[in-house]
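Everything quoted here is computed from the prediction, not taken from an experiment.
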Amino acid sequence: MKAIRFDQAGGPEVLKLQDVDLPSPGPGQVRVKHTAIGVNFIDTYQRSGLYPVPLPSGLGLEAAGVVEALGADISELKVGDRVAYAGTLGAYAEANNVPADRLVKLPDGISDEIAAAAMLKGMTAQYLLKRTFPVQRGQTIVFHAAAGGVGLIACQWAKHLGAAVIGTVGSDDKVELARSHGCVHVLNTRTDDWAKRVREITGGQGVPVIYDGIGKETWSRSLDCLAVRGMMVSFGNASGAVPTFEPGILSAKGSLYLTRPTLFHYTRTREELQQTADDLFAVIASGAVKIAINQRLKLADARAAHEALHSRATTGATVLLP
Ligand SMILES: NC(=O)c1ccc[n+]([C@@H]2O[C@H](COP(=O)([O-])OP(=O)(O)OC[C@H]3O[C@@H](n4cnc5c(N)ncnc54)[C@H](OP(=O)(O)O)[C@@H]3O)[C@@H](O)[C@H]2O)c1
């Protein structure tokens, strides 16, 4: 089969389309023939070495498709089932062997492309808004990179939960998109004094929670947006890793809470995974959250997909088609 592989960490140019042999699925595994593959910012961290993976390696954590072959001891799935996953390395390929207990069956109303675009990003929005800091009706919150993959889903979902969302974007041409996906206020991180604006919008109080997937460039000013005893949810590092800091800063800025969560700790058990996916599929089926697939590329063009993510040119989700 064709698969994107890399044998050294580096820029997008290390990604190469290769012919590889996929072994038969082992015990407890299922071979999924991919129909659509999700691209996520975390893929760039694994490629660059920020999150090291043993090399040489495949890449990609999210895909949808059809069960093609079963390993030993599989009872819940059969050949032909439509499934998706988020969290098994090697998704940038025509097929992948995935542990059966990490696969979710797709309901009829969820297309393969939507599943590939939403499993990782949408389950992330689910746990951030409902479990890391359960957003309450009437709260004003800040969500960075509001026009991005996680951002467009999370802003719609937070609005659906009754929050007033202040979203940030990196260019004026993303403002309307963020607004039409749930944001009441949209601030441009490159031109607005956005932490000051958040204070103004909240009458000087600050917000009870800020969701920050940008990292290095926003970390310090994000803390300035928080109300006393507010929570900083640092869930990503699109601009680079958050610098080391003195815990005393959290006390100085208002007895703040800090968490650095990851999806994989919120979908650890089979039950958590299924409940998170069910909640996501329900909010999509209801129409409250629409999945914007704004970039579709061929699997062979994974390098271009990464270049686009780095250039901050993308909005919503990017899907690779095998
Ligand atoms: N912890 C978890 O469980 C988890 C799970 C999924 C994703 N994440 C994190 O969530 C964030 C969003 O992921 P995503 O896949 O949906 O990506 P994305 O939001 O579609 O893309 C990242 C966005 O970050 C913004 N950005 C700001 N500074 C940047 C810089 N220097 N370089 C590149 N982008 C920059 C850009 O938007 P603007 O130009 O509009 O600012 C860019 O579009 C990432 O940090 C990712 O690692 C975390």
Side-chain angles (χ1 to χ4, degrees), residues 1-7 15-40 42-43 46-47 51-124 126-127 262-281 299-300 302 319-322:
M1 66 162 188
K2 301 275 186 209
I4 296 288
R5 308 270 308 168
F6 66 120
D7 52 22
L15 300 179
K16 302 276 187 280
L17 188 71
Q18 294 181 358
D19 289 307
V20 298
D21 290 324
L22 184 65
S24 301
Q29 285 186 331
V30 161
R31 184 165 74 225
V32 180
K33 184 175 162 37
H34 295 156
T35 48
I37 299 155
V39 176
N40 291 282
I42 188 174
D43 307 340
Q46 293 185 322
R47 189 214 67 228
Y51 296 177
V53 293
L55 297 173
S57 178
L59 196 65
L61 295 170
E62 177 185 41
V66 180
V67 173
E68 200 178 40
L70 306 176
D73 308 322
I74 305 292
S75 54
E76 302 290 318
L77 291 164
K78 59 182 189 315
V79 171
D81 281 344
R82 291 176 61 239
V83 292
Y85 63 92
T88 302
L89 195 61
Y92 289 9
E94 289 175 326
N96 199 6
N97 290 330
V98 181
D101 64 1
R102 294 282 96 193
L103 286 168
V104 174
K105 283 191 204 174
L106 294 179
D108 286 344
I110 304 291
S111 73
D112 293 14
E113 278 197 15
I114 295 291
M119 279 292 285
L120 199 148
K121 299 167 196 71
M123 291 201 299
T124 298
Q126 197 278 354
Y127 86 77
T262 169
L263 171 65
F264 309 111
H265 294 146
Y266 283 83
T267 49
R268 220 161 32 103
T269 65
R270 176 73 207 163
E271 200 182 13
E272 279 177 335
L273 173 65
Q274 192 65 57
Q275 282 174 359
T276 312
D278 287 347
D279 200 15
L280 171 66
F281 295 151
L299 172 61
V319 165
L320 299 176
L321 299 170

From [X] atom [atom1] to [Y] atom [atom2], the distance as rounded to the nearest 0.5 Å:
X      : Y      : atom1 : atom2 : answer
Leu263 : Met123 : CG    : CE    : 5.0 Å
Thr35  : Asp112 : OG1   : CG    : 3.5 Å
Leu299 : Ile4   : CG    : CD1   : 5.0 Å
Glu76  : Leu70  : CD    : CG    : 12.0 Å
Leu22  : Met1   : CG    : CE    : 4.5 Å
Thr88  : Leu103 : OG1   : CG    : 7.0 Å

With sequence neighbours excluded, what pairs up with [X] under the ring pair (Phe, Tyr, Trp, His ring centres under 6.0 Å) test?
X      : value
Tyr85  : His34
Tyr266 : Tyr127
Tyr51  : Tyr45

Side-chain heavy atoms of [X] within contact of [Y], under 4.5 Å:
X      : Y      : answer
Ile37  : Glu62  : no
Gln46  : Leu61  : yes
Arg5   : Lys16  : no
Leu55  : Asp7   : no
Ser57  : Leu89  : yes
Phe281 : Met119 : yes
Lys121 : Asn40  : yes
Leu320 : Val39  : yes

Residues pairing under ring-ring contact (aromatic ring centres under 6.0 Å, His included) where one sits in residues 93-123, two or more places apart or in two chains, turn out to be none

For the student: nearest non-hydrogen atoms of [X] and [Y], plus distance:
X      : Y      : result
Leu106 : Ala64  : CD1-CB, 4.2 Å
Ala118 : Leu280 : O-CD2, 3.3 Å
Val20  : Ala3   : CG2-CB, 3.8 Å
Tyr92  : Gly38  : CE1-O, 3.8 Å

Pairs of donor and acceptor atoms involving the side chains of residues 23-32, under 3.5 Å and at least two apart or interchain, shall be tabulated with distances.
{"residue": "Gln29", "atom": "OE1", "partner": "Gly26", "partner atom": "N", "Å": "2.8"}
{"residue": "Arg31", "atom": "NE", "partner": "Glu68", "partner atom": "OE1", "Å": "2.9"}

Walk me through it: do Leu77 and Val83 pass the test side-chain contact (heavy atoms from CB on, under 4.5 Å)? CA-CA 9 Å; Leu77 291 164; Val83 292; 3.9 Å; yes

Paired with Arg47, the side-chain contact (heavy atoms from CB on, under 4.5 Å) test is passed by just one of Ile42, Leu59, Val53, namely Leu59

Side chain to side chain donor-acceptor pair (under 3.5 Å) pairs touching residues 99-109, sequence neighbours excluded, are none

Side-chain H-bond candidate by donor/acceptor type, Asp279 with Gln275, under 3.5 Å: no

